[in-house]
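Please read the structure below before turning to the comments.
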Amino acid sequence: MTRSFKTLDNMGDIAGKRVLVREDLNVPMADGEVTDDTRLRATVPTVTELADRGAIVVLLAHFGRPKGVRQPELSLALLTRPYTVLLGREVRFIDDQGAADVIATMEPGQIGILENTRFDPGEEKNATETVERLAALGDLYVNDAFSAAHRAHASTEGLAHVLPAFAGRQMEAELDALDKALGNPEHPVAAVVGGAKVSTKLDVLEHLVVKVDHLIIGGGMANTFLAARGVDVGKSLCEHDLTGTAEAILDAADKAGCTVHLPYDVVVAKEFAANPQSLRTCNVHEVAADEMILDVGPAATEALADVLKTCRTLVWNGPLGAFETPPFDAATVALAKTAAALTKEGTLVSVAGGGDTVAALNQAGVADDFSFVSTAGGAFLEWMEGKELPGVAALTR
Ligand code: ADP
Ligand code: MG
């Protein structure tokens with residue numbers, strides 16, 4: 001595969017070199033314990049490889065939102081012990097006062113975490129002084145934090161301009177997966193876009209209609225599209241002020257040869273609660289004034305599974321229904337299982353992302369069967385919008 005960025009494979013001999021590695025260590029903590037170590041585990045391949053190759057590894061990361069003010073409760077010193085336990089290797093904390101002297105005492109293969117990059121007000125401003133201060137601590141720069149790549153900060157973007165810059169293993173895997181899904185995908189490509197509101201995903205929808213062959217719209221946002229087509233959606237979540245925008249997206253899809261799939265049967269209820277008395281399935285034209293649409297119906301879900309069977313690539317953001325409340329997870333779970341099965345058979349490349357989407361795929365028990373599941377949140381959405389991410393652009397310049 002020809003790539004537009006360099007990876008750890010292109011670093012050459014790094015024994016004894018100081019390598020600054022931008023990671024995402026922004027994990028949730030309670031009472032000094034890490035409550036979800038997903039992000040920490042994702043850093044292990046890059047950090048251990050660099051250390052095993054004899055580099056002096058200095059991790060750069062932000063932690064919380066200190067806004068340029070030193071706050072003890074947001075010190076990365078708090079992470080040194082949990083990270084040491086996770087890696088099974090000694091990790092030292094490097095205070096940013098006198099960091100160069102500490103790093104000068106480190107041996108090849110040693111790992112340290114530099115203090116929270118956001119204690120410096122120049123970090124988020126991408127200030128030249130901050131970039132220079134950090135660059136003086138290293139010989140080479142590795143960016144392994146795709147999830148922070150939508151920000152042009154000193155540690156995520158600035159450093160790539162002043163030190164030889166490489167993508168870490170995690171960044172490399174994410175960029176390759178995203179390229180396969182939307183950059184250079186095998187057609188036909190299907191996109192599933194769901195979630196609560198059209199207003200949060202307008203840019204995503206506008207970008208996708210010119211990129212994909214099938215656009216599957218579900219979730220609350222489908223109601224706005226149904227309303228645009230003259231369907232009475234009762235008391236469903238619906239952005240009535242955006243029906244004009246929805247129509248424009250449908251027109252753009254038409255012009256681009258993208259088939260839009262909206263649900264034709266739906267699961268409705270009079271109250272939003274788990275397994276409500278008033279639960280029923282009906283045609284979209286039969287929703288009563290006091291009912292709300294909470295999931296895509298079984299007939300439409302089956303038709304969507306048939307669409308996926310004709311596709312080579314799937315990109316998915318947003319659940320098809322109010323999946324947190326049973327039984328409104330049924331369509332999301334069923335379609336996710338179909339996508340997972342097709343991926344296992346080798347006919348589909350499936351890439352998904354988004355906070356609630358990842359939760360829904362975990363709930364369906366299929367996250368591991370997708371080709372790639374991005375936990376990058378905001379960066380994933382900006383990529384779905386077709387935006388250039390500054391942290392990625394700086395690696396590929
Ligand atoms: P992601 O975090 O994956 O980007 P979103 O935040 O856009 O996804 O959307 C997820 C939310 O959308 C969930 O909380 C889900 O309950 C809600 N949702 C999906 N379908 C409906 C619906 N028909 N009515 C109300 N809320 C819905
Ligand atoms: Mg969400």
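For the numbers below, each heavy atom of this structure counts, side chains included, while hydrogens, waters and symmetry mates do not. First listed ligand is number 1; within each ligand, the first listed atom is number 1.
Arg53 is listed as a side-chain neighbour of Met11, based on a closest heavy-atom distance under 4.5 Å. No side-chain heavy atom of Cys282 sits under 4.5 Å from any side-chain heavy atom of Asp265.
Within the listing of ligand 1, atoms 13 (C), 14 (O), 15 (C), 16 (O) sit less than 4.0 angstrom from a heavy atom of Glu324. Taking every heavy atom of Ile293 and a limit of under 4.0 angstrom, the matching atoms of ligand 1 come to 22 (C), 23 (N), 24 (N). Listed by number with element, the atoms of ligand 1 under 4.0 Å from a non-hydrogen atom of Pro319 are 8 (O), 9 (O), 10 (C). Atoms of ligand 1 lying under 4.0 Å from at least one heavy atom of Gly321, given by number and element, are 15 (C), 18 (N), 19 (C), 20 (N), 21 (C).
To the nearest 0.5 Å, the span separating CG on Asp306 from NE2 on His261 amounts to 10.5 Å.
Of the possible donor and acceptor atoms, none in the side chain of Asp95 sits under 3.5 Å from a partner among the backbone N and O of Glu115.
Given atom 6 (O) of ligand 1, the protein heavy atom at minimum distance is Asp356 OD2, 2.9 Å. Among protein heavy atoms, atom 11 (C) of ligand 1 sits closest to Ala196 N, 4.0 Å.
The closest heavy-atom contact to atom 21 (C) of ligand 1, among the options Ser236, Gly195, Gly220, Gly194, comes from Gly220. Here the shortest heavy-atom distance to atom 3 (O) of ligand 1, taken over Val233, Leu237, Thr357, belongs to Thr357.
Within the structure, the closest approach of Lys201 to ligand 1 falls below 4.0 Å when heavy atoms are considered. By the 4.0 Å heavy-atom criterion, Thr200 is excluded from the residues contacting ligand 1.
Of all protein N/O/S atoms, those lying under 2.8 Å from the Mg ion (ligand 2) come to 1.
Here the options are Glu172, Arg169, Met171, the test is side-chain contact (heavy atoms from CB on, under 4.5 Å), and the partner is Leu8; only Arg169 passes. Of the residues listed (Asn223, Val231, Asp232, Val233), the one engaging Val284 in a side-chain contact (heavy atoms from CB on, under 4.5 Å) is Val231, and it is the only one.
Side-chain contact, Ser155 with Arg22: a donor N or O sits under 3.5 Å from an acceptor N or O. Using modelled atom types and a 3.5 Å distance limit, the side chains of Thr43 and Gln170 yield no donor-acceptor pair.
Counting heavy atoms of neighbouring residues, nucleotides and ligands inside a 6.0 Å radius, atom CZ of Arg41 exceeds 12 of them.
Clustering ILVMFWY residues whenever any of their side-chain heavy atoms sit less than 4.5 angstrom apart, transitively, puts Leu348 in the very cluster that holds Leu361.
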